[in-house]
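Taking it in order: structure first as structure tokens, then the write-up.
In this chain, residues are counted from 1 in sequence order. In listed order, ligands and their atoms are each counted from 1. Just so it is clear, the model here is predicted, and its values are computed rather than measured.
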Amino acid sequence: MKPFYIYNTLSRSVEEFKPIKPGEVSYYSCGPTVYLPQHLGNMRAYIFVDTLRRALEFNDYRVKHVMNITDVGHMTSDEDAGEDKIEKTAREQGRTPREIADYYIAQFKRDCGLLNIKLPKDSREDPLEKWPLCRATDHIEDMIALIKRIIAHDFAYQVPSGVYFDVEKWRGANRAGRLSRQSLDEQSVVQRLEHASDKRSPHDFVLWVLEPQHIMQRHNRAAAAISSASRKVLGQPQHIQQWDSPWGRGYPGWHIECSAMSMKYLGETIDIHSGGLDHVPIHHEDEIAQSESATGKPFVRYFVHNAFLTGLDGAKLSKSAGRFPLLDDLVNEGTNPLAFRLFCLGAKYRSSLTFSEDAVRAAAKSLEYFHEFARSLPGGVARAGGADGEWATPFRERFNEAINNDLNTPQALAVALELVAEAYRREDRRIWNALLAFDGVLGLGLEEIEQRAFLGEQFPPEVNALIHERKLVREQGNFKRADEIRARLEALNYIVKDTPEGSVYMRK
Ligand code: AMP
Ligand code: ZN
């Protein structure tokens, strides 16, 4: 097996990947917050997650992949301030948070399907799934248990507005700021300061938010008054989703879900954890603090982060800024969603990528080039199951090298395109095994296209009829008629080639 190299944000360098258990990878990827549709920037992140998983599988690793769904606790600012995003949408749309989450989860799954992104199995569909797509609201008990461990290790404390992580205690070498490489004193605390004035330090982030209204119901009016005033939530509506906890009724902060679910399904130390670059300074820093203070063990061995998809003006596409083209927009214009996937693969995951419809249209042409080739195979090379031409072997090696070199997908795509071009040039299409292996990483749906073509969808009906007739007359030994049909097909702009595995037809 060739070594697989990946950029580790922890070391700021490309490292050879070495899993904890040989042949196996524990991989946790931060998933969507489901209060709006996922925009194309988000989908770039999930295409990256999927490509990384596929690349590991291409390298014969068994990938235990878990992804979360945030359906509670993600405030309108990543730094605890503002209002819970799901609750805000629920209130605006007059629906329950659960309805909002279900609606956008369904949309997310559909878009992933259209982009050939394989998601873990939803734990709501199969509660026994070992490595699931899992919702925060189904793991409140796990979060509470983890917060208890953090408190037991004296890294968290309770005040009227909630339970907070004591970041000052997490100062020191290899602790706060390890991932972002920002010391505590360099970090901006503007947002966090606004959130709650009863915190010990403005750096502290919330683990469990206490609801002031509920404290009132418990006849602890003084505490409620302090809580309300300190959290600046008096003007905000009561949080609908609430749970009992040892500290009172409330709901979890955003970061604790990922620590809790990652540990539950994958263990206290995992191989890979991914997310977008925006997760580096806050979300992932906080996940490390929570997890390592509770377990005393390293949380993650390789942190990997994708760069942003930006608009033409260079600004990150973002839900909160209200700038978000959707996959639906492309589909409604008649663009194959996989053209967007190929467009994303055309850039390295660590480079920011500018979205434009023209660029996606250009990607659609490359996609069609691959699909056209796959359509040209039925009845011939693909179905014969024969070996590839020997000349294809160096292409395999180059593809493998590109993928294993920190997921160099633009290079890998270029190799795949060159392989197809070479097959046309040689008029030798014995590359199907290599191409399918490449598509195991690229995910451009080639096998499905070939299968559909095999079922008769590849050519216009009159061409299919001629091909069918030619097959019959050749079987009957009527080569004169077979040649007439060949001439007719060539006049219609088709190439006809008779090979030992059968006849192959393709558009010129
Ligand atoms: P969210 O649903 O906002 O929690 O984001 C889901 C994922 O999309 C996270 O991993 C983000 O880092 C990522 N993300 C958000 N915006 C972009 C963007 N414009 N380009 C790439 N990834 C993004
Ligand atoms: Zn996360």
Parallel, tilted or perpendicular, as decided by the 30° and 60° cut-offs, for the rings of Trp170 and Phe165: perpendicular
Report every pair formed by an N or O atom of ligand 1 and a protein N or O atom separated by less than 3.5 Å, giving atom names and the distance to 0.1 Å.
{"from": "ligand 1", "atom 1": "2 (O)", "to": "Thr33", "atom 2": "N", "distance (Å)": "2.9"}
{"from": "ligand 1", "atom 1": "2 (O)", "to": "Lys319", "atom 2": "NZ", "distance (Å)": "2.7"}
{"from": "ligand 1", "atom 1": "4 (O)", "to": "Thr33", "atom 2": "OG1", "distance (Å)": "2.9"}
{"from": "ligand 1", "atom 1": "5 (O)", "to": "Asn42", "atom 2": "ND2", "distance (Å)": "3.3"}
{"from": "ligand 1", "atom 1": "8 (O)", "to": "Asn42", "atom 2": "ND2", "distance (Å)": "3.0"}
{"from": "ligand 1", "atom 1": "10 (O)", "to": "Gly276", "atom 2": "N", "distance (Å)": "3.2"}
{"from": "ligand 1", "atom 1": "12 (O)", "to": "Gly276", "atom 2": "N", "distance (Å)": "3.2"}
{"from": "ligand 1", "atom 1": "12 (O)", "to": "Asp278", "atom 2": "OD1", "distance (Å)": "2.5"}
{"from": "ligand 1", "atom 1": "12 (O)", "to": "Asp278", "atom 2": "OD2", "distance (Å)": "3.4"}
{"from": "ligand 1", "atom 1": "19 (N)", "to": "Leu309", "atom 2": "O", "distance (Å)": "3.0"}
{"from": "ligand 1", "atom 1": "19 (N)", "to": "Leu317", "atom 2": "N", "distance (Å)": "3.4"}
{"from": "ligand 1", "atom 1": "19 (N)", "to": "Leu317", "atom 2": "O", "distance (Å)": "2.8"}
{"from": "ligand 1", "atom 1": "20 (N)", "to": "Gly41", "atom 2": "O", "distance (Å)": "3.4"}
{"from": "ligand 1", "atom 1": "20 (N)", "to": "Leu309", "atom 2": "N", "distance (Å)": "2.8"}
{"from": "ligand 1", "atom 1": "22 (N)", "to": "Gly41", "atom 2": "O", "distance (Å)": "3.2"}
{"from": "ligand 1", "atom 1": "22 (N)", "to": "Asn306", "atom 2": "ND2", "distance (Å)": "3.4"}

Whether Phe58 and Phe399 hold their rings parallel, tilted or perpendicular, with breakpoints at 30° and 60°: perpendicular
Audit row: Gln241, Thr96, side-chain contact (heavy atoms from CB on, under 4.5 Å) steps and yes/no: CA-CA 9 Å; Gln241 303 191 94; Thr96 65; over 6 Å; no
Atom NZ of Lys2 with >12 non-hydrogen neighbours under 6.0 angstrom: yes
Parallel, tilted or perpendicular, as decided by the 30° and 60° cut-offs, for the rings of His255 and Phe205: perpendicular
Opening angle between SG in Cys30 and SG in Cys258, taken at the Zn ion (ligand 2), to 10 degrees: 130°
Heavy-atom neighbours of Lys109 NZ exceed 12 at 6.0 Å: yes
Considering only N, O or S atoms of Glu287, the one closest to the Zn ion (ligand 2): OE2
For the Zn ion (ligand 2): the N/O/S atom of His283 at shortest distance: NE2
Step-by-step side-chain contact (heavy atoms from CB on, under 4.5 Å) determination, Asp166 to Arg200: CA-CA 8 Å; Asp166 196 340; Arg200 287 183 190 162; 3.0 Å; yes
